[in-house]
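Each remark here refers to the structure printed beneath this line.
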Amino acid sequence: MEAKHTPGPWVWSDVPGAGIQIRGPYQGETRLLFQDIWRKFPDAKWDAEMKKNAQLAAMAPEILEALIALHAVASIDRDKEYSAVTNAAAIIAKATT
């Protein structure tokens, strides 16, 4: 399976005046992948939540890699149908197509 997304690692940062950015490698450089421009509600709860969202989003390539590896190990026992394995396969397909 060939990845169709920007490979990891992705990093996030809170850029003053620009919002939260997620960057990843592209052709030997680090490029902007996503930017949250909706920084019009700067209360502390919203700010903390947006930072956690960015942290989670930046982990996407690593989470996908771990899920693929877990699915490979979990699907070795083909005599049993595990809903978690089926769900993992569906998520992997959704993320890679």
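FYI, the numbering just counts along the sequence from 1. Computed from heavy atoms alone, side chains included, the values below leave out hydrogens, waters and symmetry copies.
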If you measure from CG on Leu33 to NE2 on His5, what distance do you get to the nearest 0.5 Å?
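Nearest 0.5 Å value for the CG-NE2 distance: 10.0 Å.
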Distance from Lys52 atom NZ to Gln55 atom CD, nearest 0.5 Å?
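So the gap between those two atoms works out to 4.0 Å.
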Tell me, please, which residues at least two apart from [X] pass side-chain contact (heavy atoms from CB on, under 4.5 Å).
{"X": "Phe34", "answer": "Trp10, Ile22"}
{"X": "Leu56", "answer": "Ile63"}
{"X": "Thr30", "answer": "Arg23"}

Which is it for Ile20 and Lys51 under the side-chain contact (heavy atoms from CB on, under 4.5 Å) test, yes or no, and what are the steps along the way?
CA-CA 7 Å; Ile20 290 176; Lys51 287 177 182 177; 4.0 Å; yes
Scanning both residues in full, the closest heavy-atom pair of Pro25 with Gly8 reads CG-O, 3.7 Å
Evaluate Thr6 against Arg31 for side-chain contact (heavy atoms from CB on, under 4.5 Å), listing each step before the verdict.
CA-CA 10 Å; Thr6 303; Arg31 299 268 178 106; over 6 Å; no
